[in-house]
Structure formats: structure tokens, C-alpha cells
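Since the structure is predicted, the reported quantities are computational estimates derived from the model, not experimental observations. Throughout, protein chains are lettered first and strands after them, A, B, ... in sequence-line order, and every chain is numbered starting at 1.
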Amino acid sequence: MSEQQDNLHAMRHSLAHIMATAITRLWPEVKLGIGPVVENGFYYDIDLGDTTISEDDFERIESEMKKVIEEKQEFVESEKAIDEAIDWAKQASQPYKEELLNDLKRAGTTVAGDLDASELGTITSGDSAVESVSFYANGDFTDLCRGPHVESTNKVGAFKLMRIAGAYWRGSEKNAQMQRLYGVAFSTPKELRQHLEMLEEAKKRDHRKLGQELDLFVISDLVGPGLPLFTPRGTVLRNELIKFSEELQRAGGYEAVWAPHMTRTELYKVSGHFDKYPERFDVSSVESSDTFMMKPMNCPHVAQIYASRPRSYRDLPLRYMETTTMYRDEKSGELHGLSRVRSLTQDDSHAFVRHDQIADEMRSIIGMVKDMYAVLDLPLSVDLSFRDDSDNYFGDPKVWAEAQKVIEEVAKEEELDYRIEPGEAAFYGPKIDIIVTDALGRKWQCATVQLDFIQPERFELEYIGEDGEAKRPAMVHKAILGSIERFLSVYIEHTGGKFPVWLAPEQIRIITVNQEEETLKFASDVQREATELGLRVTVDNANESVGKKIRNAELYKVPYTIVLGEKEIESGVVMPRIRKDIEVESQHEAHNVSEFLKTIVNETKSRTLKSSL
RNA sequence: GCCAUCUUAGCUCAGGGGUAGAGCACUUCCAUGGUAAGGAAGGGGUCUCGGGUUCAAAUCCCGAAGAUGGCUCCA
């Protein structure tokens, strides 16, 4: 972390204390949980018993916080012996702090997750237990805290309270539910303003809103939550993306296969998924009966295609792809537009490879991923999800170590911007998770490449080696777009609905000036010509003003609009209206109709037109 | 699944214990139009669903479903 980041961190953390100070002044009976720094800001968990705070109280809290800031209270660190600290917590009636301290005393740590860890008192000696912990005080307010803080309450930059959420004490639903107050904070008012503007922009681009406005998908109560239906426009997006992905895969030697969407549950018992994630299988809403279920993933099915006949080392790699829909019983609270659904379609593939072919296959896949996201104008970075020392993983640790080495080498060779994330691996093997950064700077995981030694083992997959001995292949799972639904949610927000020409559901809209026979005929001639060139074109000959029809085309963010009337019929020349983000030599040049259509075709075919946002 | 908030026409939303509202969209008519909304008329709602209170419930109360924001989870 740079010095600047350290300072921002201290500011945010100090603001959490200042908020707690303000809340303690306004509600002296408050029981405080923890108050860590999070991305872009901070929060504090509070428990007010029967009272609940609402966002209407933010004004009061913020103005109290401003008072604390103006008082320029110094942050003073002190140490207390652990028992003394526990007494303090008792006297201050802070049961949550007391619990943390007791855990510290007993275990030297608390069992809670990462966020809590930064909140714990400093361990000054010994491994197994703690002798003393650190406190920070500002004015009358003292809190168990490891720090660091800024020197005084007036050095905290700009902040704003954002929202209230329910949160369980230490993240467990067995515990008391507290209220979590979130704030954002930045070093300068300007950065805060930029952040708030970004949130405004994100709201405007919300894919659920754009999905409705641009008529891309719908969710019907009768069909059910998490089961989106795609309209013709949305389906064009889906199909074009899938087509591109499959072209990349075909070039990499992948052949299409097909599997039904239902299976005997037994398949997942053999694969090991059922025992590993029982809670994901025991819910009837995606199950058809005790013995059959909707498929929640694809790999075990494809493994059966491999297993259907004897394989030779000469056959490998065998590369199968299938863009297919799977069904997962996501909990209702987890569903969100297209980004979290119950029916998700993956551009899935599985390669069965010899161990000496793993690196090449990984390299080839990384190439596809790079090509895809270059065209989609989404910069990418990579998380190498490796195992940790826990026993959550199947298989031989030695094989894992070897595979992880190969993966890291490939990441280096391909010059990927990568981070290693221990403990993030799937239970059957290490993964490469590809993270894209959208136009608003938000990060999303999309593509994933996963190495799997376990399913070949579970399904007893074999090939006959050069020496005549049966050998076990490895499986390489991959999805370039990941879930198409989820990718669309990211991409709709990335582009704000201004899709590049090759993807645009409607590439050209022809607007007629009037309803005269001659005009209508000319419009339909141009439409036919464009359609024959493979373009997606519609004619708006509604009995409306030209201005109105232009406006409608704009609202649908159609890349090219041409108005046809008497002038165009006579001259054969059009003055296209081109969506502003599209780079062209001149926005206002007149074109011969046929020439113009051919230019669009070229742009479409190259798939390289970037939407500059 | 848990907590909070919300659910009124296809969409965006106002209203609120006593005959259900607007804009857009839709239909029809007039206007035949020139690069972001031409004019008029009309149709459209068991006010999410189920119970309760009341002379009377869309409105108040309870419950359910769905949505939204979080929490938790994400093979």
C-alpha cells in the first residue's frame, strides 16, 4: 500500500470512530459492534435494541459528526491489559466488545472473518493468548482498535453516509441482527463528488432499467423469479456473443457436443458435487423428482461422452464445447436482474488432455479470452485461484502443486496482470479467474479456466498411452463469457446500452418522411438491400412526425438512422444519422445508399468497432 | 433464507377510510411531415394476493408472494 492509500485508510477508519462518537452522543445506550474500512468508505455495526435508525436520521448523525470533526479531537492510542479491557467493556455496557475481548483472551484471535480481524486489538506478546490490547480515544469516546488513525478528527477528508443495512453480528445468522451504517469517504471533496457521480451514472446504466427501456429481456412473475425471458432484441445480443465465442473456440480445435438438461441425480453423486455441496442439491425447486434433476453444471455430462469409448493418447486433446443452459436454485434474496439467475447459459467447454498438454491448452484458452475481451473493449486482469492448506480439496497435493506451477508460468508468459489468491480454488482443481474492469471502473469476474484432476478420477476416465498402459487425462474447464446472462448484465452497464454495431440488435433504422406509396416502396427496397447484405434493419413508416421517429430511434440507441423522402428518392443519396459514440470520418457526410450499406457491413464483419464511452 | 423498505394502467409515478388519477405507450381521426416529442378523441385498473377491523378498505392491521438495498452464499 502506498503512503497515500495508508492515509486514506486511516481517514476512513477514523470516520468510523467519529460516526460511532456521534451515534453515542445521540443514542447513549448504543451497543457497538465493529467499524472497519471497506471499499470506498467505512461502516459501523450498531445495536440500539428496540430503536431502529432510518436514513432520515442521517442528517442528524452527519451534523453531529461534523461537530466532532470541528472539535479537532486528537486520536490517542493507549494499551490496556486484557482483563482491564474486559472490565472496561463491562462497565461501558458494550457486550459485543466484551465478546471480542474474551475471544482475544482465550484464543488470541477471534473466529470471525477478515473484516473483524483488522478490528482486533494488537497482539503484543505470545501466540496463544493476548496480554494487552490497544485502544484509541478521541474526546470522550474510546474504542478497542488496532488503528491506525489520523492524528485528529479534523483530518478526515470528505464523507457522506450512504445507507443502512441489516447485518448479523459476526456475519452469522444465528447471532443478533444489527444495523450497519455505511458511509463513503475520500481525501478530497472532489473525489467524493466523482464517486457520487459514478454511482449516479451506474444507476442510469443499471442493466435492469436498460433491459426494460431497450426491450432486451423481461422477468415474468408467472414464469418465476430468476428466470429471465429474452425478447428478440435481447436474443440478438445473446446469439451474437455466443456465435463469436464459438468461433474462437472452433479455431482452438473445439467441437460442439450436446447434452440434455436433465439427468439422474446419481451422476452428481459419482462426480462428487452432490456430497460436496449437499445444500445446493436438496431443494426441490430445481429437482424434478428424487432421482432426476435439472443439470446445475455441465462437466459430468461431457465426461460421459469421453467415457463412451476407448481413447488413445493420439486422440488427445479432445475438446468439447457446448453453450448450454443450467439450472441452479439460487436463494430468492440472491437473485438480481441478469447478474444472478436460476437459468444460466454458459459458453462452456471441456478439454481432455494429457498432463504434458496442459500448458498448451491453457495458453490457447488464454488467447481466446484475450481476443474476446479485446473486441469487447473490456480490460482484464487475472486471479489465480489456488488452494490453501485446508483439507477442502480433493486429490493429491503434489499434483496440485505441479498444476499451480504450470498455471503461473502460463500467466507469466502471456503477460497477464495476475494475483495469486490462495484458498479460492474449486475443490477439484486450481482456477484462473478473469476479471474485467468496466467503463465505470468496477470489476467483474467473467471468464474462468479451471484445471480438474478429480472428475477424471471419479469417472475413471482413461486413455491408452504410447506404452500400452491406461492413463488418466486431466480436464480443462473453460467459459469465455462465463454466464451469458451475467456477462450481459456487465456489458449492458459497460456500454450503457450503446452496443457496438456488430452486436446492436437493430443496426439501421429507416425512417420515412411520409406515407406516400413511392416513399414506402423506396424504404422497403433499401431494407431489402440491407437485409440481403446481412444487416439488421427496420423501417419506421408510422404515421408520426419525423422528429418523433428520430427521437424513438435515439432512445433505442440505434447506431445508424436514415431518413428517406422525396430528396433521397431523386438523388439516391442519404445523410445518415450516426450514433455519437461511433467513430467515423465525418458524421455529416452524404452517402450513396448502396455504398453506405457496404461500409456498415465492413464495420460489422471486423467486430472491431469499439464503442467509445 | 434473515433484516429493512417497497408493490396503484403496458411503462414512469401521484393520490389516499366514501364512484380510481397524470404523463408516456396503445387505438381511431385530423394533419403528409425533413433529423430528439404535431393536434384531438377513445380504450385500458378486483390499486400484488389472502385474511381481519369497519356501515364502508386501494387506503388501517396481520399473513403470503414478488421487487429493491444489505447480510449470508455462489460448484
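Of all nucleotides listed (C73(B), G38(B), G34(B)), C73(B) comes nearest to the side chain of Arg340(A). Nearest to the side-chain atoms of Val546(A) among the listed nucleotides U35(B), C30(B), A36(B) stands U35(B). Distances from the side chain of Met575(A) to the nucleotides U35(B), A75(B), A25(B) place U35(B) closest. Nearest nucleotide to the side chain of Pro225(A), out of G34(B), A67(B), C71(B): A67(B). Considering only the side chain of Glu516(A), U32(B) comes nearest among G34(B), A75(B), U32(B). Of the candidate nucleotides A75(B), A37(B), U68(B), A37(B) has the atom nearest to the side chain of Ser545(A).
A donor-acceptor contact under 3.5 angstrom links the side-chain atoms of Glu568(A) to the base of G34(B). In this model, no side-chain donor or acceptor of Arg180(A) finds a partner on the base of C71(B) within 3.5 Å.
Residues Glu201(A) and Lys204(A) are paired through a salt bridge, judged by an N-O separation under 4.0 Å between the basic side chain and the carboxylate.
Put simply, the side chain of Leu597(A) reaches to within 4.5 Å of the side chain of Ile508(A), judged on heavy atoms. No side-chain heavy atom of Met575(A) sits under 4.5 Å from any side-chain heavy atom of Glu568(A).
At a threshold of 4.0 angstrom between heavy atoms, the contacts of Gly547(A) are confined to the sugar-phosphate backbone, with no base atom among them. When heavy atoms are screened at a 4.0 angstrom cut-off, Asn552(A) is found touching no nucleic acid atom at all. Across all strands, Lys549(A) comes closer than 4.0 Å to no nucleic acid atom at all (heavy-atom distances). Contact annotation for Glu566(A): base contact, defined as any heavy-atom pair under 4.0 Å involving a base atom. If you check every strand for non-hydrogen atoms under 4.0 Å, Arg208(A) touches sugar and phosphate atoms only.
For C55(B) and C2(B), the P atoms lie 36 Å apart once the distance is rounded to whole Å. Rounded to whole Å, the P atom of G21(B) lies 30 Å from the corresponding atom of U5(B). As rounded to the nearest Å, C71(B) and A9(B) have C1' atoms that lie 36 Å from one another. Rounded to the nearest Å, the gap between the C1' atom of G23(B) and that of A64(B) is 33 Å. Rounded to whole Å, the C1' atom of G51(B) lies 16 Å from the corresponding atom of A58(B). Atom name P, nucleotides U7(B) and C62(B): the rounded distance is 16 Å, in whole Å. Between C24(B) and G39(B), the two P atoms lie 9 Å apart (nearest whole Å). The separation of G44(B) from U27(B), taken at their C1' atoms, amounts to 11 Å, rounded to a whole angstrom.
Gln179(A) places its CD atom 8 Å from the C1' atom of A4(B), with the value rounded to the nearest Å. To the nearest angstrom, P of C74(B) lies 13 Å from CE of Met297(A). Protein atom CD of Gln212(A) is 5 Å distant from nucleotide atom P of U12(B), rounded to whole Å. Here the C1' atom of nucleotide C71(B) and the OH atom of Tyr43(A) are 10 Å apart, to the nearest Å. Rounded to whole Å, atom P of U48(B) lies 20 Å from atom CD1 of Ile219(A). Summarising the geometry, the separation between CD on Gln515(A) and C1' on C30(B) is reported as 13 Å, rounded to the nearest angstrom. Nucleotide U72(B) holds its C1' atom 14 Å from the CG atom of Asp45(A), rounded to whole Å. The interatomic distance linking Asp206(A) (CG) with C11(B) (P) rounds to 16 Å, in whole Å.
Note that Arg180(A) lies in the cation-pi zone of Tyr43(A), set by a 6.0 Å cut-off to the ring centre and a 45° limit from the axis. Taking the ring axis of Tyr556(A) as reference, the NZ or CZ atom of Arg551(A) does not stay both within 45° of it and closer than 6.0 Å to the ring centre.
Partner assigned to C6(B) is G66(B), using Watson-Crick or G-U wobble distances below 3.5 angstrom. In a base pair of the Watson-Crick type (N1 to N3 plus N6-O4 or O6-N4) or a G-U wobble (N1-O2 and O6-N3), with each distance short of 3.5 Å, G23(B) is matched with C11(B). A 3.5 Å limit on both hydrogen-bonding distances identifies G1(B) as the Watson-Crick or G-U partner of C71(B). Pairing for A58(B) is absent, judged as Watson-Crick or G-U wobble with the two contacts each under 3.5 Å. Across the strands present, C29(B) finds its partner in G39(B); the criterion is a Watson-Crick or G-U wobble pair with both atom distances under 3.5 angstrom. Base-pair partner of U46(B): not found among the strands shown (Watson-Crick or G-U wobble, both distances under 3.5 Å).
Where Tyr428(A) and Gly337(A) each meet RNA chain B at their nearest nucleotide, the meeting point lying more 5' is that of Gly337(A). Map Cys299(A) and Tyr182(A) each onto its nearest nucleotide of RNA chain B; the residue landing nearer the 5' end is Tyr182(A).
Residue Lys548(A) places none of its side-chain N or O atoms closer than 4.0 Å to OP1 or OP2 of G34(B). In this structure, His336(A) does not reach the A67(B) phosphate: none of its side-chain N or O atoms is under 4.0 Å from OP1 or OP2.
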- Item | Verdict with supporting geometry, Asn298(A) and Thr324(A), side-chain hydrogen bond (donor to acceptor under 3.5 Å, both in side chains) | CA-CA 8 Å; Asn298(A) 215 25; Thr324(A) 187; 4.8 Å; no
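Aromatic pair Tyr393(A)/Tyr428(A): ring centres not closer than 6.0 Å. In summary, the aromatic rings of His207(A) and Tyr491(A) are positioned with their centroids too far apart to meet the 6.0 Å limit.
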